[in-house]
Amino acid sequence: MNYDAKTIEAKWQSYWEETGRDRALETSQRPKYYCLDMFPYPSGSGLHVGHWRGYVLSDVWSRYKRLNGYEVLHPMGWDAFGLPAENDAIKKGIHPTVGTARNIANFKEQLKRMGAMFDWSREINTSSPEYYKWTQWIFLQLFDMGLAYRKEMPINWCPSCKTGLANEEVVDGACERCGTPVTKRNMNQWMLRITDYAERLLNDLDDLDWPEKVKKMQANWIGRSEGAELSFELHGLEKRLAVFTTRPDTLYGVTYMVLAPEHPLVSELTTPQQQQAVSEYVTQTLAKSQLARQRVDKTKTGVFTGGYAVHPLTGELLPIWIADYVLMDYGTGAIMAVPAHDQRDFEFARQFQLPVRRVIKMAGVQEVSEQNMQEADVRDGTLMNSGPYDGLTVEEAKRNVVLDLEAKGIAKRTVGYKLRDWVFARQRYWGEPIPVVHCERCGIVPVKEEDLPVLLPDVERYEPTGTGESPLAAIESFVQTTCPKCKGPAKRETDTMPQWAGSCWYFLRFADPHNAERLFDREKVDYWLPVDMYIGGVEHAVLHLLYARFFTKVLYDRKVIGFHEPFVRLFNQGMMTLHGAKMSKSKGNVVSPEELVEKYGTDTLRMYELFVGPPEVDAEWNPRAIEGVHRFLARTYRLIVDAAAQMQKQESRSLGKLRHRFVQQVTERIEGFRFNTVVSAFMEYVAALSEQSETLDQKTLDTLVICLAPLAPHLAEECWRIIGNQGSVFDASWPEVDERYLVDDTVVIVVQINGKIRDRIEVARETEQEQVRERVFASPSVQTAIADKTIVKEVYVPGKIFNLVVR
RNA sequence: GCGGGUGUGGCGGAAUUGGCAGACGCACCAGACUUAGGAUCUGGCGGGUAACCGUGGGGGUUCGAGUCCCUUCACCCGCACCA
């Protein structure tokens, strides 16, 4: 009988659908397990074999957990708000709702053919009003908690997408989506106070079973650094200037001060003589793209303001400069410059002939003179030229300087973060409307909860205006409304939320996806969550994954849920490449699963996706290698069909040993996420079974089929029946390993001379060292090798190796 | 510049605590069956005639190193003037 994958797969897919096999039930007696994929954006291009990789992994894992006695929640949905649908609307005039629905239908069809055990009864779509009503509800909580606020500030702006961007969406100074260099634009924006959560977002990383790489990326992104804020008197002004520094110990080394060009004190500090140079520099800086400002060629530029600050300990006057190497949105937007011990300050000082003053030296060493320094000295030594602090270590001085200045009321210890608040508004159409109104009398007023959702209206033109307003601003019927508070005339907010909004909490909604009364039933969410295994690409390391953690903590603080981390374990699958490049429609190097499923069946493709290489590593698509996997499945099918025709009653000792070793290997390798080697184990086992002269028994066949079920579920179901079982193989249990079968009666000892293999001898497992030694010396090849040599040493590793060291 | 990772046959990749390098698959070669083979099955397959040599290069520790240490090269990823 030939392996007819197509028929088999169609048969079992409808069986699963009819029996509701893949539903996750709260009423189950089994312990829960939540295995989640990062849900896709339903693009018009459909899925390629690269997308399959993660979905296959999570499905194999889900099915394996099922066989291990868990009730598995394995849902799927759509991250359906986003720019491509909107761009299609602009270009082709297809309404985003229509285009999105079509793409979803296509994606769903493709995913169904994959044969994954998705619980489709829980399907969600972030762009549906039933869903985004609750995204808006969460926004209202953020607003109420003071975590959502409006602020006028220069933000990242993509001139091509014509929208503001979050810091996280700027990659190498360019828009993450379209690659256009990002500029700064002053805008009145909705922001989320994610920085309030910086400390917790950082600390709680410790408890997560995530790849170290991702944890490190998040930690770096949050970028915590301890330091102090010092306040400097300004010469001739009543105001003071605050700077942030991590090196208060170098206070005596300060030779000048620098403000960011955007700093509010710049205009007050600038003297009439410097007026023109300063304002030119400021204008020039603001016009520079982000890309130009952070160019690799970091030649320092800047202008003297004419103003001076007063050194708090020496009274010395310190010239105040402005320079674009100081960033307005980090620390206080101003620094004290210590050129001797900070590389950036050093470069700036050399550029503009500012003095360099060394205040740290290595103990007992004559350091090069300040004029001859080639670079800043950032080593931890002891203090010099620092008055009362001379001789202290860097650590001691850091502490003492801050304590002393604190006593004078001009310093306080602070912590700086690289993390910025989250720019949460987009000037685009296809997103969740931000549910607030602007009332002339009451100011910003949140929409009442019972009036949610604020529906996205139909528009005629989807083009972003580019003026900083979304297309919604052009719709009078949408904009004009009444104030929920005073009932007077008011205007709706016309910005929408960023694409990340919906994905910040979708994993919660899967626990109770159709709740029309509430966000979700808390009991259900606390039952299924947190997600036990989250599988997706590493590209979301600091975007989605950080935002989702933030939302989870906010909802925890709001007492909406009872846990504060959403994803216990994270796995990042590698990309699939073709000709060395990531598969993408635009590069034209995608391999589509359709023809492969048609030709070999989905079980073959699933298994090949696993076999192609370690799951966390990028893998090059090999169109030939899939044949080998298909041959293997066909061979397995034939073996089982033949064996079923004449089954042996009792399992033989040798089959038992093979079986237990196999189960042990497969289990260990699945648990270790080494799926490529799981497939190898199958190939070896099936080959070994084929070589058996005796007929196979029920136990052997059951075990083989159960173990195969997570990988090739359709074939496994078919074979489950062929070998005489009832129902679904997924109601069976994963086989146990009996250790007693794993030990052999005899062992092969490798005989080495000076570490080189000379012979192998087989001895009974319990043989004494002395007997082994006799056998070793009896070996003819050993005899030859040691003939005229002296034995210096004998090393015996029981059951493994006997090494003779000779001279 | 800082941080992290990876280097093993023609190719993808295997190798508990340091203990038989190259499992498994692809490609290739030979054979069987066949009118035929781009189907299937069997066998071979790191290099070298051999002694031996082989896990990016060099050094070290050890009876023994792909694995541990030092050093160096190449490639990849993340961050990038964060005071």
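Residue numbering restarts at 1 for every chain, and letters A, B, ... go by the order of the sequence lines.
Between D342(A) and R247(A) there is no salt bridge, since no side-chain nitrogen of the basic residue lies less than 4.0 Å from a carboxylate oxygen of the acidic one. A salt bridge between R224(A) and E226(A) is present, with a side-chain N of the basic residue lying under 4.0 Å from a carboxylate O of the acidic one. The pair K184(A)-E262(A) does not count as a salt bridge, with every side-chain nitrogen at least 4.0 angstrom from each carboxylate oxygen.
Of all nucleotides listed (G19(B), G25(B), A83(B)), G19(B) comes nearest to the side chain of V797(A). Taking only side-chain atoms of N803(A), from C-beta outward, the nucleotide of C24(B), C77(B), C63(B) with the closest atom is C63(B). Of the candidate nucleotides G13(B), C20(B), A27(B), G13(B) has the atom nearest to the side chain of V617(A). Distance from the side chain of K213(A) is smallest to C77(B) among C20(B), C77(B), C81(B). Side-chain atoms of F611(A) lie closest to G25(B) of the nucleotides A80(B), G25(B), A15(B). Of the listed nucleotides (G13(B), A83(B), G78(B)), G13(B) has the atom at the smallest distance from the side chain of P614(A). The nucleotide whose nearest atom lies closest to any side-chain atom of K216(A) is, among A83(B), G3(B), C79(B), G3(B). Side-chain atoms of R624(A) lie closest to A27(B) of the nucleotides C77(B), A83(B), A27(B). Nearest nucleotide to the R760(A) side chain, out of C20(B), A83(B), C77(B): C20(B). Distance from the side chain of I801(A) is smallest to G19(B) among A23(B), G19(B), C81(B).
For the salt bridge (Lys or Arg N to Asp or Glu O under 4.0 Å) with E406(A), the qualifying choice from K412(A), R399(A), R413(A) is R413(A), the only one to do so. Shown are V378(A), D380(A), V394(A); of these, the side chain to side chain contact (heavy atoms under 4.5 Å, CB included) with I360(A) is made only by V394(A). Here the rule is side chain to side chain contact (heavy atoms under 4.5 Å, CB included) with W221(A), and of L201(A), V542(A), L543(A) only V542(A) fits it. None of N622(A), V49(A), L596(A) except one satisfies the side chain to side chain contact (heavy atoms under 4.5 Å, CB included) rule with Y608(A); the exception is N622(A). For the side chain to side chain donor-acceptor pair (under 3.5 Å) with Y600(A), the qualifying choice from R631(A), H630(A), E627(A) is E627(A), the only one to do so.
Distance W621(A) CH2 to G25(B) P: 18 Å, rounded to the nearest Å. In this structure, E620(A) atom CD and C76(B) atom C1' are separated by 15 Å, rounded to whole Å. Rounded to an integer number of Å, the gap from F348(A) CZ to C81(B) C1' is 12 Å. What separates CZ of F802(A) from C1' of G64(B) is a distance of 14 Å, to the nearest Å. What separates OH of Y330(A) from C1' of A83(B) is a distance of 7 Å, to the nearest Å. G12(B) atom P lies 19 Å from atom CG of L610(A), rounded to whole Å. Y608(A) has its OH atom 11 Å from the P atom of C26(B), to the nearest Å. In this structure, Q218(A) places its CD atom 15 Å from C1' of G4(B), rounding to the nearest Å.
A distance of about 46 Å separates the P atoms of U49(B) and G4(B), rounded to the whole Å. With both ends at atom C1', the span from G66(B) to G46(B) equals 15 Å, rounded to whole Å. Using atom C1' as the reference point in both C53(B) and G38(B), the two lie 39 Å apart (nearest Å). Distance check on atom C1': A74(B) versus G57(B) gives 10 Å, rounded to whole Å.
Using bins of under 30°, 30° to 60° and over 60° for the plane-to-plane angle, the ring pair H540(A)/W500(A) lands in the perpendicular bin.
Applying the 90° criterion around 0 to the glycosidic angle, G9(B) comes out syn.
Phosphate contact (OP1/OP2 of A83(B), side-chain N/O of S225(A), threshold under 4.0 Å): present. Put simply, N676(A) has no side-chain N or O that comes within less than 4.0 Å of OP1 or OP2 on G12(B). OP1 or OP2 of A15(B) lies within a sub-4.0 Å distance of a side-chain N or O belonging to R674(A).
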Checking ring pair (Phe, Tyr, Trp, His ring centres under 6.0 Å) for the pair Y256(A)/F304(A): CA distance, chi angles, key distance, verdict?
CA-CA 10 Å; Y256(A) 64 100; F304(A) 178 46; over 10 Å; no
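Cation-pi geometry between K300(A) and F348(A) is not met at under 6.0 angstrom from the ring centre and within 45 degrees of the axis.
In terms of polar N and O atoms assigned as donor or acceptor, the side chain of K800(A) never comes within less than 3.5 Å of the base of U16(B) in a complementary pairing.
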For nucleotides 36-47 of chain B, give me every protein contact, N/O to N/O, under 3.5 Å, one pair per line with atom names.
none

Pairs under 3.5 Å (N/O, protein and nucleotides 52-54 of chain B):
residue: C52(B); atom: OP1; partner: R758(A); partner atom: NH2; Å: 3.4

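Of the nucleotides present, C79(B) is the one that pairs with G1(B) by Watson-Crick or G-U wobble criteria, both distances under 3.5 Å. Under the Watson-Crick or G-U wobble criterion, with both distances below 3.5 Å, A51(B) has no partner in any strand shown.
Annotation: of the two residues near RNA chain B, T332(A) and G628(A), the 5′-most nearest-nucleotide partner is G628(A). RNA chain B is contacted by both N754(A) and D618(A); D618(A) maps to the nucleotide lying nearer its 5′ end (nearest heavy atom per residue).
The salt bridge (Lys or Arg N to Asp or Glu O under 4.0 Å) pairs that include a residue from residues 664-676 of chain A number zero, where partners must be two or more places apart or lie in different chains.
Within the 4.0 angstrom heavy-atom criterion, only backbone atoms of the sugar-phosphate kind lie near V612(A); the bases stay farther away.
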